[in-house]
Chemist: 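One structure, pasted below without further comment.
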Amino acid sequence: MWFWVWTLLIVGSLVGAFFLARSLWRSAMGLMDELGRASRRVGEASDRLQELSDRAREAAASQHAGPSLFDDVTIHYQRVNAQRAARAVRKDVRRARHVVTWQKWKHFND
């Protein structure tokens with residue numbers, strides 16, 4: 001009688017091991033599929049980032065940030081003279097505001 005009990009327990013454990021192994025195999029295959037998909041996505045993202053980096057580098061190189069050593073000297077002088085004229089205008093406007101303020105102060109002090 002004990003023979004059948006032990007046989008049933010061994011057969012049951014073998015069947016359970018089979019289903020466990022099958023489940024693990026399917027999970028491993030699903031994991032490998034996901035890793036393959038993730039690897040392709042990372043490759044695509046890397047290519048896209050490289051493309052965007054190249055575009056940004058080209059855009060930065062094409063924009064002229066300011067004067068350089070190899071620009072024409074007359075352009076530099078024109079730019080400096082324009083900045084000086086704008087500064088003089090700002091100075092005159094600020095001076096006029098200050099004069100108005102000083103006049104108000106002088107009026108309160110009298």
Chemist: Could you measure the distance from the CZ atom of R40 to the CG atom of L35? Nearest 0.5 Å is fine.
Modeler: 10.5 Å
Chemist: Applying salt bridge (Lys or Arg N to Asp or Glu O under 4.0 Å) as the test, list every pair that has at least one member in residues 23-35; sequence neighbours left out.
Modeler: E34-R37
Chemist: List in chain and number order the residues that pass side-chain hydrogen bond (donor to acceptor under 3.5 Å, both in side chains) with R55, two or more places apart in sequence or in another chain; answer none if no residue qualifies.
Modeler: E51
Chemist: When rounded to the nearest 0.5 angstrom, what is the spacing between CG in N81 and CZ in R79?
Modeler: 12.0 Å
Chemist: Mind listing the side-chain donor-acceptor pairs of residues 3-23 below 3.5 Å, one per line with the distance, residues two or more places apart or on another chain?
Modeler:
from : atom 1 : to  : atom 2 : distance (Å)
T7   : OG1    : F3  : O      : 2.6
S13  : OG     : L9  : O      : 3.2
S13  : OG     : I10 : O      : 2.8

Chemist: Test: salt bridge (Lys or Arg N to Asp or Glu O under 4.0 Å). Region: residues 84-98. Which pairs qualify, not counting sequence neighbours?
Modeler: none
Chemist: Kindly give the cluster partners of Y77, where membership spreads through any ILVMFWY side chain lying under 4.5 Å from a current member.
Modeler: V73
Chemist: Output all residues satisfying side-chain hydrogen bond (donor to acceptor under 3.5 Å, both in side chains) with S46, sequence neighbours left out; order by chain, then residue number.
Modeler: none
Chemist: What residues, two or more places apart in sequence or in another chain, satisfy salt bridge (charged side-chain N to carboxylate O under 4.0 Å, His left out) together with D47?
Modeler: none
Chemist: List in chain and number order the residues that pass side-chain hydrogen bond (donor to acceptor under 3.5 Å, both in side chains) with T74, two or more places apart in sequence or in another chain; answer none if no residue qualifies.
Modeler: D72
Chemist: How would you list, by chain and number, every residue that makes a side-chain hydrogen bond (donor to acceptor under 3.5 Å, both in side chains) with E44, sequence neighbours excluded?
Modeler: none
